Amino acid sequence: MSYNHHEIDAKWQSYWETHKTFKTPALGDRPKYYILDMFPYPSGQGLHVGHPKGYVGTDMIARYKRMRGFDVLHPMGWDAFGLPTERQANKEGIHPKVVTDRNTDTFRKQLKKIGLGYDWDREIATSHKDYYRWTQLIFLKLYEKGLAYQAELPVNWCPALGTVLANEEVKDGVYVETGDPVEKRLMTQWMLKITAYADALLADLDTLDWPESLKEMQRHWIGKAEGARVTFQIADQDSSFDIFTTRPDTLFGCSYCVLAPEHALVPQLTQTGQKAAVEAYVEAAAKQSERERMTEVKKTGVFTGSYAINPVNGQRVPIWIADYVLANYGTGAVFACPAHDERDWDFAEAFDLPVIEVVQGGDVHEGAYTGDGPHIDSEFLNGLNIAEAKKTIIAWLEEHKHGEGQINYRLRDWLFSRQRYWGEPIPIVHLEDGSVVALSEQDLPIELPHLDDFNPTADGQPPLARTGPEWREVTLPDGRKGLRETNTMPQWAGSCWYYLRFIDPQNSEAPWDPTLEKRWMPVDLYVGGTEHATLHLLYARFWHKVLYDLGMVSTKEPFQRLFNQGKIQARSFRDGRGKYYYPQEVESRTYTSAKGETQDQWFVKGTETLLETRVEKMSKSKHNVVTPDETIEEYGADALRLYEVFMGPLEDNAVWQTENMAGVRRFLERVWRLYFPEKAVAAQDEIPEDLDRLLHKTIQKVSQDLDEIHPNTAVSAMMIFVNEATKLGYLPTPMKGVFARVLAPFAPHLAEEFWASLGHSESIALADWPAFDPEKTIDRDIELPVQLNGKLRGVIVAPVGADEATVRAIAEGNEAIQGHLEGMQIVKVIHKTDRMLNLVVKPA
RNA sequence: GCGGGUGUGGCGGAACGGCAGACGCGCCAGACUUAGGAUCUGGUGCCUUCGGGCGUGGAGGUUCAAGUCCUCUCACCCGCACCA
């Protein structure tokens, strides 16, 4: 390896640091470009090569935009509050703050070694009181607007973590991060009324330049359903219940009603004879975990003994309870039309309930028919299709006061409190009289008190209940006394607004200056993984909309354009007993089976131990982690950067193979030799026309690829150019400065070295992006494919822009083509200038 | 089941409806060399009777021309999943 990357990497990283090369002017005359990475959670594991894939991509674009004349805001910080840190601290017997500082130091060091051009003066951490005082302020604003409230409701309780979790954090009955099981518990918790913004969150998705798949995920999560609320009277009782349905047109097909087992009316509806069965069912449903409830395939339920009156025709229908009806969606009760709803059909079949067809088009004895068709046996709906019938029945329900049209959302309010220590204290006081008051802005920050033991208390109270009276007890200015809230905010709180703090990170008077907010918002490009689709990205949009309504921000949406970088995985090796091996412990050998078939197989080096190999997420336990530090040590930061993006499209997943870094390293070596040749080369000033043309094409291609976030093909274009220059034997002197600037966003350390060697004293990061001459991207002569009946028969050389007659004459003079034309007559000629010539022929 | 996406050499991947396989890895050959995991040059989809034929998961279709557009179908990945 001919160039010393250790020396060059260190030299320029220290130059950037001392010269503050990437410092962003708060206000300036140039157009702004705010490009943001999803900031990391600083775990104890440090970074592996998968983490910086997105960071490298944004760094290239940020450097490119800066050279193109933008003021670029490209900051980095830490999502520093959270449970994993608390657990790590517990394990090591040290304080979470110490762990957080140590972890962020590691992360920062690792990021700097990659040569990422962040404005480090803007670094923030959500766990600093200078930051979270503003998180608390936003909470107060939410509270004042009635968007934060306490409620007793069934919540997701995770015993392993000792805390409740939000809906969005639970999937298949387990916590998405750790896989620990979650159970339902009735608890009083802080909630944020995200449902008040359901419609805006849904509608404004259309204005965003986000991947369609991600928008779909949010749309589905919000889950807008248009239908009707219908009131059913209970027979022989002076009471009623409401149901929600999206198919009010099938009310004439109702054969029974179902309430969720948790429904408040269940005790009242249960008739003596059914009491034992109902109570047993309710109890069993309560005990069952979410997971068990979901994996159950057969429908279960119990008849209550009571009947409801169908408002459309006065018929008595039995009321059942069943766990296929969810307590926390709609009204927790449904009317069942087995003929036209699959779930109701399954239930009706299991309990032998009647199936009444009201929409024609299917065979309702075979299964539910959910398609469209004319209504029958439905009085005034007969003959109408679904859409018409819905409209008619809703008008009828409203006229007769039996219900009304209603829109329902799948989205639930956000459970916002956690029974943990390492999070933002909630600025609330519980008074002696049982009432709750919010503290005022002047009281902030409510500092997280130091605790040596930050486990929940023995009687199950949150860790902050361990604090002494000096923190816990509060006397308000008016003399009333109370105790501080001991729940803390979830990890998502800090990341809901960090992109705003980056705009004005040191402001001690306000969370941000409105002038600066107007200057920088919205984020022009936000890059991160898809795993936050219905978590961070939904929560942050919600907060932003509240801030917009409060007049604190000037845009309706925070992240105008979103890009999801793909994940990086790595091969893992495991023997028959499940033991994992490091890549350096294994080897690939050709293995010949008894049948004589050969195939490549992996073995433990020097042994006959056969290994199974899989592509998996990088993880210490699987022995397949590759760190940026080790690859930089061997190949240099620029090679790592190039390989991160050269593996494939930035949005695609990829499998890491350190061996393949040799290719990009070779490319860098070749570039190095063009700038610092081993042997003196004569005639370096002469510019061959072909190479000049190629240079202009390269600038064009690289510019376009960076605009479109295709760094992989940009690298490929630079390789083509360098290969040509290498063939020529030298890079003409006038081109050296130009190509160095093209290379600068990708391999900034080398580019700086080249730039300095050309006599420049300022960083290449601040140089202008080279312009290309469109004239020079056009070839003089081109190779034109000639087809006969659509089949390629030859390639001719023609002047650029040649007309059909010229091209045809050359083609007909071409020996290879002549052969094919023999005995044929040309019936049609298709000529696309500079693209191709197709002669349609038939036997003469 | 519903929604979204992906299928191209030995491998990662390129291709405004117009020369399929750019670029890179790997492999083969050669050059230079105090054999080195260095560098440079050339080659490398498959079959072939050396004319050519066949090739982008599969089957049809549109078109002078299809990896690209349309219909059907198979496989895999991701998200959601009793939301009435």
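Atom set for the values below is all heavy atoms of this structure, side chains included, hydrogens, waters and symmetry mates excluded. Small disclaimer: the values here were computed from a predicted structure and weren't measured.
- A:Arg666 has a side-chain polar atom (N or O) that falls below the 4.0 Å cut-off from OP1 or OP2 of B:rG26.
- When the side-chain nitrogen and oxygen atoms of A:Arg670 are compared with OP1 and OP2 of B:rC40, one or more of them lie within a distance under 4.0 Å.
- Under the 4.5 Å side-chain criterion, counting only non-hydrogen atoms from C-beta, A:Lys224 is in contact with A:Asp199.
- In the set B:rC64, B:rC82, B:rA81, the nucleotide with an atom closest to the side chain of A:Val840 is B:rC64.
- Contact of A:Lys299 with B:rC82 (side chain to base): a donor-acceptor pair of N or O atoms is detected under 3.5 Å.
- The base of B:rC25 does not come close enough to the side chain of A:Asn660 for any donor and acceptor atom to sit less than 3.5 Å apart.
- For the 3.5 Å distance criterion, the side chains of A:Arg229 and A:Asn408 fail to qualify, holding no donor opposite an acceptor.
- OP1 or OP2 of B:rA84 lies within a sub-4.0 Å distance of a side-chain N or O belonging to A:Tyr329.
- No donor-acceptor contact under 3.5 angstrom links the side chains of A:Tyr175 and A:Asn156, judged on distance only.
- In the set B:rC19, B:rG4, B:rG13, B:rG4 carries the atom at the smallest distance from any side-chain atom of A:Glu216.
- Between A:Phe347 and A:Tyr256, the distance from one ring center to the other falls under 6.0 angstrom.
- One can place CD1 of A:Ile720 at 8 Å from P of B:rG24, the figure rounded to the nearest angstrom.
- Regarding contacts with the backbone of B:rC78, every side-chain N or O of A:Asn653 stays at 4.0 angstrom or more from both OP1 and OP2.
- Listed for the A:Asp834 side chain is no donor-acceptor partner under 3.5 Å among the backbone atoms of A:Val800.
- By the 30° and 60° cut-offs, the orientation of the rings of A:Tyr643 relative to A:Trp656 is perpendicular.
- A:Asn712 comes within 4.0 angstrom of sugar-phosphate atoms only, judged by non-hydrogen atoms across all strands, and of no base.
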Bracket notation of RNA chain B in which parentheses pair within the strand, [ ] cross earlier pairs, and | pairs with another strand (Watson-Crick or G-U, under 3.5 Å): (((((((..(((.....[....)))((((((.......))))))(((....)))..(((((..]....))))))))))))....

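- Distance from the side chain of A:Met719 is smallest for B:rG24 among the nucleotides B:rA84, B:rG24, B:rG3.
- Side chains of A:Glu168 and A:Trp221: a donor-acceptor N/O pair is present below 3.5 angstrom, by distance only.
- The salt bridge (charged side-chain N to carboxylate O under 4.0 Å, His left out) pairs that include a residue from residues 696-711 of chain A are A:Lys697-A:Asp779, A:Lys701-A:Asp705, where partners are two or more places apart or lie in different chains.
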Taking only nitrogen or oxygen atoms into account, show me every contact under 3.5 Å that the protein makes with nucleotides 47-49 of chain B, one pair per line with its distance.
none

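- OP1 or OP2 of B:rC40 sits under 4.0 Å from a side-chain N or O of A:Arg673.
- A:Tyr635 and A:Thr658 share no side-chain donor-acceptor pair at under 3.5 Å.
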